[in-house]
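The structure under discussion appears below in the form of structure tokens.
Chain naming here is simple, since letters A, B, ... match the order of the sequence lines and numbering starts at 1 in each.
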Amino acid sequence: MSEQDYQLEYFRSEGFERRICTSCGAAFWTRDPERQVCGDAPCEPYSFIGDPVFAPHTLPEMREAYLSFFERHEHTRIDRYPVAARWRDDIYLTIASIADFQPFVTSGQVPPPANPLTISQPCIRLNDLDSVGRSGRHLTLFEMMAHHAFNDATTEIYWKDRTVELCDQFLASIGGDLERVTYKEHPWVGGGNAGPSVEVLIGGLEVATLVFMSLGRQKTNEPPIELEGKLYYPMQNRIVDTGYGLERLTWASSGSPTIYDAVFPDLVSSLLSDAGLDHHLTDKNYTKILALNAKFAGLMDISGPNLFALRKKVAAAIDVPIDRLTKMITPIEQVYTIADHSRCLAYMLGDCIVPSNVREGYLARLVLRRTLRVMNDLRLDLPLADLVERQVKTIGEEQFDQSIDVIREIVERETEKYSATIERGTRIIQKVASSYKKKAEKVPLSEVITLYDSHGLPAELIREVAAEEGAVVELPDNFYSLVASMHSESQKDGGEDPMARYEPRIASLPPTRALYYEQPSEVEFEAIVIDFFDGFAVLDQTLFYPEGGGQPADTGTLLTTESMVRVEDVAKMGDVILHRVTGGVLKRGERVKGMVDEERRWSLMRHHTATHILLHAAKEVLGAHIHQAGSQNGSDSARLDIRHFKHITEEELRKIELRANQILQNNKPVYIKQEERQRAEQKYGFTLYQGGVPPGSRIRVVQVGSEIQACAGTHVRTTGEIGVIKVLGVEHIQDGIERIIFAAGRAAIEAMQQTEQLLKDAAAELRIQPENLPSTVQRFFTEWKERGKEVERLRKKLVELELAQIDYEQIGPAYVVIRELDVDPSQLAALARKLAKTNGIAFLASSSDRLHLVLASGTPRVNAGEILGDIAEAFGGKGGGNMTMAHAISPERERSADALKAGRRLITTALNG
RNA sequence: GGGCUCGUAGAUCAGGGGUAGAUCGUCGCGUUUGCAACGCGAAGGCCACGGGUUCGAAUCCCGUCGAGUCCA
């Protein structure tokens with residue numbers, strides 16, 4: 001990008017000058033002839049703290065000022081998008097306002113919902129998590145206010161001059177002094193696009209960025225520009241992508257020490273008083289320190305070890321020892337962090353993210369646990385659910401799909417879960433630590449890694465708890481990256497796509513007409529063979545549904561005048577549909593008659609439509625957050641995976657099943673139509689995308705009753721055609737995902753018959769009626785247990801009785817019993833043990849099916865295992881044991897006397913030796 | 001999606017080829033005006049389930065189910 005890109009007519013006419021910053025060397029535009037520096041960090045410190053640069057605005061006032069300003073200037077106001085970016089599969093969270101329109105609007109495939117438009121989009125960025133609360137300006141969630149204009153080859157809405165002009169006018173409208181505003185040149189690259197951009201600075205603070213997205217990676221005829229080692233080409237679509245920081249503007253308008261005081265004035269003061277820190281509210285010194293802290297932090301990166309450098313600077317400036325400063329400032333930073341995180345959670349949970357250990361759910365849990373940890377450090381004894389609820393209410397309940405009750409329940413459950421994990425973990429650490437302390441060793445790194453990896457225990461907690469036990473933990477500074485690299489090593493990439501080699505051939509073929517969409521209820525059709533290779537047939541049109549969207553491919557037959565082939569599988573590659581056939585060959589140009597296996601297809605359609613219905617029923621029963629995490633349809637059963645924060649109970653399952661069948665009874669029609677993506681999104685919301693995000697500007701919308709989804713599958717015509725839905729069970733797939741297994745239509749009836757048969761068979765076995773099964777089984781189980789105990793008692797008695805009758809003999813220093821007993825082999829061991837208890841030896845034999853030998857020794861002179869091992873070998877059997885107890889078995893059951901004799905010899909030798 | 005750890009008495013856990021244990025809780029008795037505390041005693045176990053190895057498996061191996069956790 002060149003200097004030329006920033007030579008705007010607007011700048012000239014308004015009397016701007018282009019300057020080079022004397023501090024950083026960057027170019028910037030200003031109205032102030034005296035100005036030497038660009039106005040950005042670290043060239044210029046904050047000057048707005050205590051001296052606001054805008055008229056005072058609260059957060060909502062500032063938002064409204066912005067949106068209505070742009071409305072007055074011909075922009076259409078657009079509702080915010082969810083913070084969970086469900087319309088995209090490359091990011092989990094909405095990170096910028098432009099993310100709402102990527103990739104299809106920015107690429108020009110889909111028209112924008114309005115043009116130009118204005119929006120205030122809540123965005124979540126977790127990259128600077130550590131700086132939140134400390135830097136005075138970092139937030140996990142912020143609102144990016146924006147106005148966007150989408151220009152293409154035919155229409156020009158506006159471009160750079162108008163954008164800067166609007167910016168000027170808006171800043172003036174909220175009381176900004178335009179003399180103090182600078183526009184810093186700052187080429188922008190990101191997400192495969194690039195373009196010139198200016199940062200808008202006032203009072204040392206960047207309050208907006210104006211990006212002129214005009215370059216892309218897509219090759220065009222125009223000459224490319226190299227940026228960061230990659231080539232970018234001018235695009236036909238030129239997009240005005242602006243971003244105004246709502247919170248920053250509000251901060252600059254209040255002049256408060258930190259952004260948090262401006263954004264959460266009420267919450268911060270009430271948290272301070274809850275934490276017993278009220279006295280700080282009126283303390284001028286604290287305000288001064290915090291302002292100073294934010295000022296210095298504004299000039300530097302404070303992540304990781306840099307934080308210490310910040311502390312040092314502030315401590316020097318106010319002349320207090322660094323430890324004392326840390327002690328003073330940490331609790332307040334924690335309050336700020338809690339205020340920020342709880343708002344982030346309100347948006348995440350309100351927009352129906354379910355905490356879990358995967359994807360965006362993992363991020364929600366991360367923030368939630370971090371908040372709990374900080375609250376704990378601060379000794380803030382306050383339910384997090386209350387804080388989140390308060391945030392939801394401040395933002396406005398109507399902003400969210402999720403109900404407050406469910407949000408509260410999620411937070412409460414997560415809070416409980418986390419404290420259970422920490423409690424359990426603490427015990428495990430104590431155990432490990434004390435075992436290493438006994439050995440007088442350090443707790444090795446491998447052990448620490450296991451504790452973290454398998455039990456989720458932070459390294460710092462491990463060190464702390466271990467120290468309390470008096471053990472030392474070996475903990476390198478790069479612990480977490482060490483663990484991460486260990487994981488990445490175990491990664492294996494998947495194999496190559498076996499279909500890849502057909503790609504060039506298929507690319508040359510015309511698209512196959514998808515008859516299965518036009519006539520979903522038909523099963524017979526005629527077509528012409530376009531190509532045939534390696535057992536793959538391509539037709540000009542087909543009724544065979546290719547695998548996709550959780551629905552398996554159809555099977556069936558293709559018939560020509562000469563041959564009949566079986567269609568085993570169908571796949572779609574681009575717009576071409578491939579039939580994998582067996583049992584013959586087809587010729588190009590040949591006419592074929594196709595027949596889809598009707599029974600199977602209908603069963604698949606029933607299951608597929610049933611999936612939509614079941615999801616809808618689950619949403620009604622469980623809450624707005626219910627979202628499909630995957631599905632697989634079969635002809636005998638199907639499964640639906642949904643995101644949910646706890647196990648589905650039997651009762652909930654029954655409710656879902658009843659509700660689903662009610663929808664069947666109402667016999668609702670199934671409507672299917674192609675709609676423009678952006679329109680469909682606006683009309684139905686992002687719950688459209690249950691089975692992933694389909695490509696293209698138009699999407700296929702399937703409406704079953706009031707359940708509306710983007711879906712490429714085939715469906716029945718009315719819900720009544722499904723017949724019946726039977727839930728077969730529920731499984732917990734992983735944290736936050738429940739799998740409902742069900743059958744529809746004939747398969748449902750068969751499943752019920754099977755279950756019934758099971759009950760009947762079980763009842764018949766017990767000669768009772770099926771309804772008596774539970775009570776009878778319970779009775780039998782109880783009796784069975786009691787009998788077991790009775791047998792145990794009797795056996796003990798028997799051993800005692802036998803014991804009383806047995807005579808000892810004395811060999812050397814030991815009392816010895818060597819004899820055959822007519823008792824159950826399982827009793828031999830118990831008897832022998834008793835006999836040998838003190839200074840005794842018992843060598844017992846019992847013959848039933850085989851010869852059982854037991855040797856128990858109560859003296860170290862006789863090694864039971866060794867002796868019996870030798871005997872067993874001599875008598876063709878196997879055996880062994882330890883010093884005190886040994887078993888052996890031999891097939892030579894008649895030779896018990898010989899075995900006892902041999903044993904006597906060995907024992908005698910051992911005792912006398 | 002990949003990895004790791006764990007399933008033993010009502011609860012928390014120990015044991016890790018050779019007799020299934022501890023603590024708390026429960027029940028009974030004693031002490032006490034009563035309670036708490038204490039003392040004595042008892043009940044309570046398909047050692048998750050199914051295979052395998054072994055003379056012998058709660059223990060080792062494989063699988064299933066369940067719980068937890070880390071990474072992408």
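Spacing of P atoms, B:U23 relative to B:G39, comes out at 11 Å, to the nearest Å. If you take atom P in B:G18 and the same atom in B:U59, they sit 11 Å apart, rounded to whole Å. When the C1' atom is compared between B:C61 and B:G44, the two are found 33 Å apart, to the nearest whole Å. Comparing the P positions of B:G21 and B:C46 gives an interatomic distance of 15 Å, to the nearest angstrom. Rounded to whole Å, the separation between the C1' atoms of B:U53 and B:A58 comes to 16 Å. Separation of the P atoms belonging to B:A48 and B:G15 is 15 Å when rounded to the nearest angstrom. Taking atom P in both B:G16 and B:G7, the straight-line distance is 13 Å, to the nearest Å. If you take atom C1' in B:C62 and the same atom in B:U54, they sit 16 Å apart, rounded to whole Å.
For A:Asp453 and B:U69, the CG to P distance is 13 Å, given to the nearest whole Å. What separates CD1 of A:Ile737 from P of B:G2 is a distance of 13 Å, to the nearest Å. As rounded to whole Å, 17 Å separates atom P of B:A67 from atom CD1 of A:Ile428. Going from atom CE of A:Met885 over to atom P of B:A20 covers 11 Å, rounded to whole Å. Between A:Tyr418 atom OH and B:A67 atom C1' there is a gap of 19 Å when expressed in whole angstrom units. Look at NE2 on A:His732: it is 17 Å from P on B:U64, rounded to the nearest Å. With rounding to whole Å, A:Leu855 atom CG is found 14 Å from B:C55 atom C1'. With rounding to whole Å, A:Lys785 atom NZ is found 15 Å from B:A43 atom P.
A:Thr421 comes within 4.0 angstrom of sugar-phosphate atoms only, judged by non-hydrogen atoms across all strands, and of no base. Among the atoms of the strands shown, none is found under 4.0 Å from any heavy atom of A:Arg850. Among the heavy atoms of the strands lying under 4.0 Å from A:Arg369 are primed sugar atoms or P, OP1, OP2 only; no base atom is included. Across all strands, A:His455 comes closer than 4.0 Å only to sugar-phosphate atoms, never to a base (heavy-atom distances).
Around the CD atom of A:Glu866, the shell of radius 6.0 Å holds no more than 12 heavy atoms that belong to other residues, nucleotides or ligands. Summarising the local packing, CD of A:Glu412 is surrounded by more than 12 heavy atoms from other residues, nucleotides or ligands at distances under 6.0 Å. Annotation: A:Arg463, atom CZ; neighbour count of heavy atoms from other residues, nucleotides and ligands within 6.0 Å does not exceed 12.
With both pairing distances under 3.5 Å, B:G1 is matched to B:C71 as a Watson-Crick or G-U wobble pair. Under the Watson-Crick or G-U wobble criterion, with both distances below 3.5 Å, B:G63 is paired with B:C49. When both distances must be under 3.5 Å, the Watson-Crick or G-U wobble mate of B:C24 is B:G10. Using the Watson-Crick or G-U wobble rule with both distances under 3.5 Å, B:A57 pairs with nothing in any strand shown. Judged by Watson-Crick or G-U wobble contacts below 3.5 Å, the nucleotide B:G39 has B:C29 as its partner.
Two residues, A:Arg739 and A:Thr884, neighbour RNA chain B, and the one matched to the more 5' nucleotide by heavy-atom proximity is A:Arg739. The residue among A:Val730 and A:Leu451 whose nearest nucleotide of RNA chain B is located toward the 5' end is A:Val730.
When each of B:U12, B:G66, B:C55 is scored by its nearest atom to the side-chain atoms of A:Glu731, the top-ranked nucleotide is B:G66. Nearest to the side-chain atoms of A:Lys878 among the listed nucleotides B:G68, B:C55, B:C70 stands B:C55. The side chain of A:Arg365 approaches B:U69 more closely than any other nucleotide in the set B:U19, B:U5, B:U69. Minimum atom distance to the side chain of A:Tyr452 is reached by B:C70, of the listed B:C70, B:G68, B:A67. Listed candidates were B:C55, B:C4, B:U69. Nearest to the side chain of A:Ile889 is B:C55.
Between A:Arg427 and the phosphate of B:C13, there is a side-chain N or O to OP1/OP2 separation shorter than 4.0 Å.
Of all the heavy atoms in A:Ala864 and A:Thr884, the pair that sits closest is CB-C, 3.8 Å. The nearest pair of heavy atoms linking A:Leu851 to A:Ser896 is CD1-CB, 3.6 Å.
A:His341 and A:Arg370 share a donor-acceptor pair across their side chains, judged by distance under 3.5 Å alone. A donor-acceptor pair shorter than 3.5 Å cannot be found between the side chains of A:Asp641 and A:Ser631.
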